[in-house]
Structures are given as C-alpha cells and as structure tokens.
Amino acid sequence: MSNTHPPVVGLPQALSIAAALAWGLLLLFSVDPLGALPVLCAGQLIATLPSHAELAFVLGWVSPTHLAMSWTVMLFAMMLPAVAGPVAHVRARSFAHERAMGGLGFLAGYLGIWLAAGAPLIGLAIALRLTADISWLPFVVTLGLALAWQMTTWKQVALNRCHMRYPRAAFGSTAMQAWLGFGWRHGLWCVVSCAPIMLSALLAPVPSYVSMPIAALWIWAERLEAPREPETGFIIPMRAFRALNHRVTHTLNLRSGRASL
Amino acid sequence: MFTRENVYDLGDNWADPILWYARGVQSMKARPLADVRSWRFYGGIHGHLRGLWDLHGITDPVEPGPSDEDVATYFDQCQHQSWFFLPWHRGYLLALERQIRHEIEALGGPHESWALPYWNYLEDGRSGVPPAFRTRSWPDGTDDNPLFVEQRWGLIASGPSPVFQQLVHLNPMSDREFSGPGNGGSTGFGGRPTGFNWSGGDNGGAEWQPHNIVHTLVGGQHPSAFLPLPPPNHEIPIPGLMSATSTSALDPIFYLHHCNIDRLWESWNRFPAGKPAINPNDWQNPSGSDWRDGPAASGDRSFTMPNPDSTAWVFTPDEMQSIEGLDYGYANLTPGAQVEPDNLTRRVARLGLAPPRTMSGGVAMSPQKTVEMIGTGEGKIALSGTAQHQASVRLDQPTVDRLSENLSGAAPQPGLPDRVFLNLENVRSQSDAVIFKVYVGMPPGTDPADSDTYFAGTVSLFGATLASDPAGKHAGNGITHVLEVTDIFDRLYLDNTLESLEISVDLVPVDDIPAAAQVEIGNISFYRQSE
C-alpha cells in the first residue's frame, strides 16, 4: 500500500488534539475544588503572588520550573490552532515521507521562539505584579498598552508577516533547516503581534479559564482575517464570526426548508 | 434574450453593437469619478491605484474620488487566483451592460437588444485588437473615439501577431474539474477555493490560459519609460492599462476579452453536448454553499455592483451559474482552438494501460485524490533580459518509483494514470507585463523553437505586482503558477529519463525583461496527482 495515504491522525489533527489536551490540563488544574493539584496557568500563578514579597520568597512560591511548565502548556493550548495554515503549507511542500518531520521542524522553531519569549514576558509580569500596590493595576495598564498596540501600523505589519509562506528548495537536512527557519521566523512575527495580549492575559485578575480562552479566541480570529494594508486604527476581527453566522443561518434555512417539505 | 456576438463577425468594424458601445462608453466617461455610474468608477470596481491612474492621466491628482463608503462597497473587487474568478466577472459584465444600455436608452438607441460582443482572438487572423479599438477616430472622422486607448503597448495591440498561436492555448478547457485538489496539484478549470481574493495565490486554469496572457499581450509595458520610486525599488516599468489589475478595466477592450472568457466558461460547461465524463461532477460548477453563496460564506465582503439608478446590486456565484437563466446567450460556443476533452483515452493507449471506464460504461468513481511532491529545485531564480534560463529539479526516488509503478499499471491498487504538475512557486515581480515560455526535460543544446514536445506552457505575470506587495492583501506571497506537464512526464517515463532523477526546466522570455521588473521565482517543483 502506498505510504501517501493520509494517516488516520495527521499532523493537523494532532495539533488540535494537543491543543485540546492542553486546554483540558489548564481547566482541570485551575478549577480543582480540593486544591490538591498545582495551578497550571502562568497567569493564575502570577495573580496569586503577594504584592511586596521578597524575590526569594516569590521563587519559593512559584518555582521557575513550575512557571516554565505552565507557560508551555499555555502555548500548546493557545498557539497550536493558530498555526494550522503554515503547518499545512509545510506538509504540502514536503515529500510524503518527510511531512511529519517537516511539520515538527516548523513547530520546533515556532514554539522555540515562544518558549524563549516566555522568560521576558513572565519576568515582566512578575515585576509589574510585585511593584503594584493594587493587584489589578498591572492588568489595566498592560491591557491599555495591548489595546494601543492593536491600533498601530506595526501590529498589522506583524500580522501580515504571519501570512507569509516560504517555498521549499532543498532535500534532507537542508530542507529541515528551512522549515525550522520558517518556524522561528513565523514565531517571531507571532510574538511581535501577540506579546502585548499575552502579557495582559498573564496579569488578568480572573481565573485562567476565563482570561486564556478570551485571549486565544482573539488571536485565532485575528489570524483568520486576510492581510491588509497597515493603517492606524482599532480593527475588530469579525470575519470568523460572520462566517460562523453564515453557516448557522444556512444550516437553519436548510432544516426549515426540509421541515416544510 | 440578449445574444453576445463575435466582434469579428458583425460585418463591419463599426457595426451597430460597437458603435453604440462606443457611444455608451463616451457617456460614462463624461461622468465624474465619484459617480458610481462613471466609466472610471467601473474601472475602480475591478481595481484601482490612484497614483498609477494619475500617472496615466486618467485622473487629475486634485480630482475628488468617490466617498469612503462607495470605495468600501464597490472598489477593488475583482476576484483572481480564486474559484470566484469566473462568476464575479460574469456579474461584472452584466452590471456594465446594464449601465451601457441605460446610456444607449438616453441617447435614443437600441437599448432593448444591445449586448457586448465577444473577442475570440483564437480564431485565425483575429488575434489583433479589433480595428474600432485601434483608431483615434469615429467613423465620421471625429478624433475622440472612446474605445481607443493610448496605453496599449503589447504584441497584439496594433494588429494580429504571428507569435500569438505559440503563446495562447486552451489546454485548461480539457480539465474536467472546476476546482482541483491544489496543494501543488491541479487548480482545476475554475480555480481553487478561496474567500474574497483580490490578488495572490494559485491561478485557476481559465485564468492562466487564455485570460492572463491576453491581458499582457494587449497591455504590454511602456517601451522605454520607467516609474521612479523611492528605495528599494527605485524605478519600475510602466504597465499598459490591460497589463495591471488596477487599470485593466479602464480599457474598453477588457469587457470584450472577458465576454470571451465567460463564453469559454459556458463552453466548458456545455460544449460539445455529451462530452465524456469520468465522474458525475465533471464539467460541472461546484455544488457546495461555499462557492454558491460566494465570499459571504467565509465572512468576507459580498459581490456588489451599482445599478443604473445608483442603488446596489448584490449577487452570488449561484445566481451566475446559468447564462440562459440570466437571459443571455452566445452566438457560438465553439472554443476557437483545439480542445481535447478526452486526453485520458489517448494517455492509456500511449502507456499501454487498460481502457478507463467512463460514465456511459459504468461510473468509475475515483478515490480521493492524493497529491504529493515528486521533486524540488534549488530555490530562488531571478529572471531578466532575453536569455534562456535553465533550472534543475531533483526528483525524489521513492516518489518517482510510485509514479512509475502507477504509469506502468503495476500499482497494487491500479486506478487511472497519475497526472503531473509543474509549480512555479511564489512568483514575485514589479511588472505584470512579463511573459515567458516554460520547457520541461528539454535536452541540452536543443533550440526551444524546435521543442514543442517539451513545451509546458506560457506564463504571464498579470497580477504579480499586487501579489508581491508585503503590505498588500496577500502578504507579498506572489502568485503560484501550476502548469500541467502530464504528457511530457509520460514521455520522460517511456524514455526512462525519469531514472536520472534530474529534470531540467527552461524559462525563455518572450520579450526583454527589464532588470527593474525584479522577476523572482521562489522555487520550481513537480507534483503527482492520483486520479
């Protein structure tokens, strides 16, 4: 049998499953009623910090390992669905027997950049949280900055770059390097585009199962918008909503049509 | 019923349909740009770039444009590199005809029967822009013929060209599918699924040939002048009106060209009656709501045209499906050049395979199509000047083995023979007026002029400039051209050339490509597609 037949679970489906598992972990660990499980959301961990504690106490309270682990789970949940398009591109531009490795190479580059961005982002979130007397103030300030960033032309430039697709032009390890490079370039523009949103989500004084889905939905909806000429102004990404609305209306019309027959 | 006639069969260069078209265009041209019923507004519906319009003298830099609301509703709508290419342009033609009829009525002319003629450039001796469009004068000698456009610098702008038949063909008419699987494989006759897509992506078959190439052959580019720009471009070639999506619909010949494209769509659907089909969907338009409902199904803007009373007309591809249902017909659906709807029978004979079952002999449903890359090139290729450029594409042994197994009929699950496609990926350019020929597997030292056997097709870069803009609506990814090279690969297989795992691709410019055009091909690759 030809090995070109699609596997039962391809990489795009695996991305969705991995993201769903990560969301499950975040939810499970944040609503544990007995408090027996460690919180697995970096934002929620930061929100629980005392405002004037010593750094040593802080690191005892939330260890760097714990923060890194929670950041990784957050990235899987929030960012994997946003890269379905580029991963599909990598697979289409790879030989059949290299598709999985190509996709993984892209993901390694992409997630590598986001994991590296975690250090300054979480560090900044902790610093803001520790220097503020009012627990919700850092969130309000960073949310304001994120909204201001949304209105800049640079934000749109970064979003447009997230739609770039690169051709593949080599065999073997050189091709893998190319996909790794595509991944980190894509990740870099993704960080530039989304870091302010992620920072404010980290500082949100609400449970992670509220703040993270809101941030993720916004990021996914933005990614579904077509590229556009960068202009100053606030753009609400409504394309996904309109498409969903169209499908719901279409389905309801079909059902009412069948019912009237 | 409105009948669109062949412009060369009207009996006179200034026969009534042309004369009244000219009068209608003149009336529309007299209106200000901001008027939704003006000629320039209609041009803007297809695409607009005010700086280029000002440069060509079409607009004065101080002339007020349409309102922001009208721009958002109507401008920059043309659908390219999309499965909406055909239905959007059909609606666009209908809207313009209604407006022209409105003008004809005001002038006391035959508004109840008038329809645009079509220009079938594929007929012998008719490849030149029709005579009434090439003269500055009306039949009475008055010197302001509105059908004349100065900015036509292409090879067929002033009459038929001997090279036309080498550059233009109807091979996509043989593709039985409206929309192919893409991802390196066929894009189909009508193009790949997209949302609202103004520019960028993969060309559909009809868009590639003959649509794009005729645009470029009419428009061309200014023979010597360049448009100065700030770095990094410094200067770029100045395209003729028909060569750029943002100016093409300002040329009155645009609409006759698109009537022919629309006629070819109707011909692909229905001509000749009873042409062989392998699957039930062959020669049919897409049936899903994603296509029928248009880009609104993807959450994008709707297709909207102005009515003669300045109200808005919103339409969907579903409403454009039947030309008869729209009360239109064509005088002749014969394509105008050779179209072989049954390449399959010829292929199986050549390859020595068992004859395929067709719809009449029992439905031979194909399994879901599989597309996979066979080989890839060495990356970016810059193209300039007149010199032939040769690239080498390295093939992947396991994939070639699967292809050979399929073509030999020895595959474990034998089906129809695979098709093979050449991809010119992410083609970017600062000029749309570039044409080059593509040859595959041509032996070294062979003169392309004697190499029809290896000729894969002609590529026009119509639309490439917009698609190359990183700040544009396609993020600067350029256009990917997908050319079917199945016949060539059959020969390479039968000659055992595939065993070398190295296939040459020769790119031969038709005319001098200025360095300022910055033509760049991201990569060259081959794909096999199971049937």
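All chains are named by letter (A, B, ...) in the order of the sequence lines, taking the proteins before the strands, and each is independently numbered beginning at 1.
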Practice task
Begin from the C-alpha positions of Asn477(B) and His163(A) and carry the test side chain to side chain donor-acceptor pair (under 3.5 Å) through to its verdict.
Solution key: CA-CA 8 Å; Asn477(B) 283 318; His163(A) 288 272; over 6 Å; no
Would you say Tyr166(A)'s side chain and Gly522(B)'s backbone share a donor-acceptor pair under 3.5 angstrom?
no
Minimal heavy-atom distance between Thr376(B) and Arg168(A), with the atoms involved, is OG1-O, 3.2 Å
task = Could you check Phe95(A) against Glu372(B) for side-chain contact (heavy atoms from CB on, under 4.5 Å), going step by step and ending with a plain yes or no?
result = CA-CA 7 Å; Phe95(A) 294 118; Glu372(B) 66 171 326; over 6 Å; no
Q. Yes or no on side-chain contact (heavy atoms from CB on, under 4.5 Å) for Asp396(B) and His97(A), after CA distance, side-chain angles and deciding distance?
A. CA-CA 10 Å; Asp396(B) 177 56; His97(A) 54 86; 3.0 Å; yes
Pro470(B) and Arg161(A) have their tightest heavy-atom pair at CB-NH2, 4.3 Å
Okay, Ser94(A) and chain B: the region with an atom under 4.5 Å from a heavy atom over there is backbone
Per-residue tally against chain B (heavy atom, under 4.5 Å) across Ala175(A), Ala240(A), Pro167(A) peaks at Pro167(A)
Checked Gly185(B), Ser298(B), Pro398(B) vs chain A; the most non-hydrogen pairs under 4.5 Å come from Ser298(B)
If one checks every heavy atom of Asp290(B) against chain A at 4.5 Å, the contacting part turns out to be side chain
So, the part of Asn426(B) with a heavy atom under 4.5 Å from chain A: the answer is side chain
CZ of Arg292(B) to NE2 of His250(A), rounded to nearest 0.5 Å, is 6.0 Å
Residues 213-228 of chain A vs chain B, non-hydrogen distance cutoff under 4.5 Å, contacting residues -> Pro227(A), Arg228(A)
Sequence neighbours excluded, the answer for side chain to side chain contact (heavy atoms under 4.5 Å, CB included) partners of Pro181(B) is Glu177(B), Ser186(B), Lys369(B), Val371(B), Gln529(B)
When you check the side-chain N and O atoms of His89(A) and Asn183(B), is any donor under 3.5 Å from an acceptor? no
Counting heavy-atom pairs under 4.5 Å with chain A, the top scorer among Thr399(B), Asn423(B), Ile524(B) is Asn423(B)
When the 4.5 angstrom heavy-atom criterion is applied to Ile521(B) and chain A, the contacting part is neither
Shortest non-hydrogen pair, Ala297(B) vs Arg247(A), comes out as O-NH2, 4.0 Å
Practice prompt. Starting from the C-alpha separation in whole Å, work towards a yes-or-no answer on salt bridge (charged side-chain N to carboxylate O under 4.0 Å, His left out) for Glu425(B) and Arg93(A).
Written response: CA-CA 10 Å; Glu425(B) 303 171 32; Arg93(A) 296 288 179 207; 3.6 Å; yes
